[in-house]
K.L.:
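Supplied in structure tokens, the structure appears directly below.
Letters A, B, ... are given to chains in the order of the sequence lines, protein chains preceding strands, and every chain is numbered from 1.
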Amino acid sequence: MTTDNSTPAAAPTNKHFVRQIIEADLAAGRNGGQVVTRFPPEPNGYLHIGHAKAICIDFGMAQEYGGRCHLRMDDTNPAKEEIEYINAIKEDVRWLGFDWGTHFYHASDFFGPMYAFAEALIQRGQAYVCAVPQDDWKDYRGVPTRPGKESPWRSRPAAESLDLFRRMKAGEFKEGELCLRAKIDMASPNIHLRDPVIYRILHAEHPHTGNTWCVYPMYDFAHPLEDAFEGVTHSLCSIEFEVHRPLYDWVIENLMAVRAAGKFDSAGWFTEAIAGYQGPQQNEFARLDLTYTVMSKRKLLELVQDRLVSGWDDPRMPTLCGLRRRGYTPFAIRNFVETVGVTKFNSLTEVALLEHCLREDLNKLALRRMAVLKPLKVTIENASELPATVEAQNNPEDPAAGTRQIPLSRELLIESDDFMEVPPPKYFRLTPGGSVRIRNAGFLTCTSVEKDAAGAVTNVICRWSPQTTALKVKGTIHWVSAPHAKQVAVRLYDRLFTVPEPDGQEQDFKTFLNPQSLEQVTAYAEPAVAAAQPGDKVQFERVAYFIADAYDSQPGAPVFNRTVTLKDTWAKPQPAKK
RNA sequence: UGCCGGAUGGUGUAACGGUAGCACAACAGACUCUGAAUCUGUUUGUCUAGGUUCAAAUCCUAGUCCGGCAACCA
């Protein structure tokens, strides 16, 4: 069985607008022909499939255009961030197949130069210390349709602001008492330009810088600076930041001006300076949204806290750790992201597409095994003619995977769905008097059945014929030898929600939780299954793909998570079965 | 009702003034020692109304609808 994750990068399928922008920049010689991107998660939660899109784009573009991508913890808010998430984020990005080399940063690495630049802005008359209380600011800011009004502190002399800002930094004020605002335009139709706060006071211990600071930069101020200090050329983010771009550009423009004016020592700012660096530009693309899934951190947290799932890595969660535990492969996810494409259109992608990409990968790499989930006993009349074992291919899609021997005996177990006393039309499996092929081991012809008092079939008596028999049958079923069967715990996972859009309904999203999203059963498996190692991916033939759970499997006693079922074009048109 | 984006089959995307293509889904068939995979075929689309042009998904005008923006969050 395989744990192989060393799959190739997804091949570009189309020249989406980000590729076009980068190619145009390259052609124009912008930034010395370099491409530097970054993935900047806030370390306050686990990464999910939506982040995977951003990761694939950020790292993918750098890879494709011979540049590099930085991994950066966007830790500008000590009140919300925790160090424990950082390692999980690194693990998930690495698992997805990306490498940031030595370019791992924290936004907080740049608190010094950010602060210095803030002072420079004050000196240039472009920022001021404001004492309007947070609650009162609503009146000053105005609403989108009406301009705001200026803060009474807006025209405070630069020297006074500078003094106050330094005393803010020195810890002389309480949280909320003062803040530093960029002086832009209170009448701007863009709210983000109405003198946004760029520094606030937070008397909190920062997970990375400890108690060094008690003033912290806001996202809109910090992010463009982080990008610039790292020498990022293309700052790719999701669509909700589009309205922030004018502010992003304002910061960059002033940074470049301050630097050009040589107002203060800028040595060491550009940690990864590149020849001809002109500054970063932000471009926005639509987030990924999936049917039968919720994606917001808040809602995922709610599922975890309310114990509706077993944790962030519950195999039903859309988190990367959940998907990994479910048996998803990095290649499937990367290929999915490439297939979905990159646009500004706010779309809802069907999970079926994700599942298709998964099956496509698993079909190539998962070893085949046989296991019966709902057993029905078969007794072979002519057992003396049976060989002790039969040989089976480990993966018909990959001859290199080799073969194995499977024991055979008088008593077999078959799937109870694979026998019907009164079959519907076009039923290709076992019926009284009928024959089927049993996978890798010849044929069975049912001669009689035994039933219990309630009339349920308890034993199907069959005659066995070898593979060489010239029997024409339409169906092949899987089986295991009852005395050799290993009992293994199996978790049958299904989608977490019953409706395509659990969000955006009138009722709470939890109303739509699928009560059948997890069914635990004991399967009867051929002996080879017991040797599965944690993380091994297998296909139980005719049933589904499974993975040996990374945490709950014991030596010789793997626990299997159902990754995704095989497509079943027979079950669908059949009316609901018992 | 302000600003910024966006709109192509059921879904996701391509076409950058010149035959609306691809993938998923659905359906039908072929093949098959997995009713899987594979292969073939079918159904379904340019938001609306005007305009420019020999020619418009593409350019222009007006409208409609959808998303985002009023944290000292990111």
K.L.:
Using the six-membered ring of Y292(A), assess whether NZ or CZ of R495(A) lies under 6.0 Å from its centre and within 45 degrees of the ring axis.
P.N.:
yes
K.L.:
Just the table, please: protein N/O against nucleotides 1-5 of chain B N/O, every pair under 3.5 Å.
P.N.:
{"from": "G5(B)", "atom 1": "O2'", "to": "E242(A)", "atom 2": "OE1", "distance (Å)": "3.2"}

K.L.:
Counting only N and O atoms by type, is there a donor-acceptor contact under 3.5 Å from the side chain of E415(A) to the main-chain atoms of I477(A)?
P.N.:
no
K.L.:
A7(B), A74(B), C69(B): which one has an atom nearest the side-chain heavy atoms of F345(A)?
P.N.:
A7(B)
K.L.:
What is the nucleic acid contact for T343(A), judged by heavy atoms within less than 4.0 Å: base, sugar-phosphate only, or nothing?
P.N.:
sugar-phosphate
K.L.:
U11(B) phosphate, OP1 or OP2: any side-chain N/O from T291(A) under 4.0 angstrom?
P.N.:
no
K.L.:
With P as the reference atom in both, quote the distance from C3(B) to U61(B) in angstrom, rounded to an integer.
P.N.:
15 Å
K.L.:
The side chain of H16(A) lies closest to which of these nucleotides: C72(B), A14(B), A36(B)?
P.N.:
A14(B)
K.L.:
Give a yes or no answer on whether the side chain of R429(A) reaches the backbone of F419(A) with a donor-acceptor pair at less than 3.5 Å.
P.N.:
no
K.L.:
Can you confirm whether more than 12 heavy atoms, excluding those of R404(A), are under 6.0 Å from its CZ atom?
P.N.:
yes
K.L.:
Taking the six-membered ring of F285(A) as reference, does the cationic atom of K344(A) (NZ for Lys, CZ for Arg) lie under 6.0 Å from its centre and within 45° of its axis?
P.N.:
no
K.L.:
How would you summarise protein contacts on nucleotides 15-24 of chain B per nucleotide, using B for base, S for sugar-phosphate only and - for none, with heavy-atom distances below 4.0 Å?
P.N.:
-B-------S
K.L.:
Identify whether NZ of Lys or CZ of Arg in R181(A) sits under 6.0 Å from the centre of the six-membered ring of W137(A) and within 45° of that ring's axis.
P.N.:
yes
K.L.:
Of the listed nucleotides (A74(B), A70(B), A36(B)), which one gets closest to any side-chain atom of R141(A)?
P.N.:
A70(B)
K.L.:
When you measure from the side chain of R287(A) to the backbone N and O of H51(A), does any donor-acceptor pair fall under 3.5 Å?
P.N.:
no
K.L.:
Enumerate, in order of first residue number, the stems that involve RNA chain B, defined as 3 or more consecutive Watson-Crick or G-U wobble pairs with both distances under 3.5 Å.
P.N.:
B:2-7 with B:64-69, B:10-13 with B:21-24, B:26-30 with B:38-42, B:47-51 with B:59-63
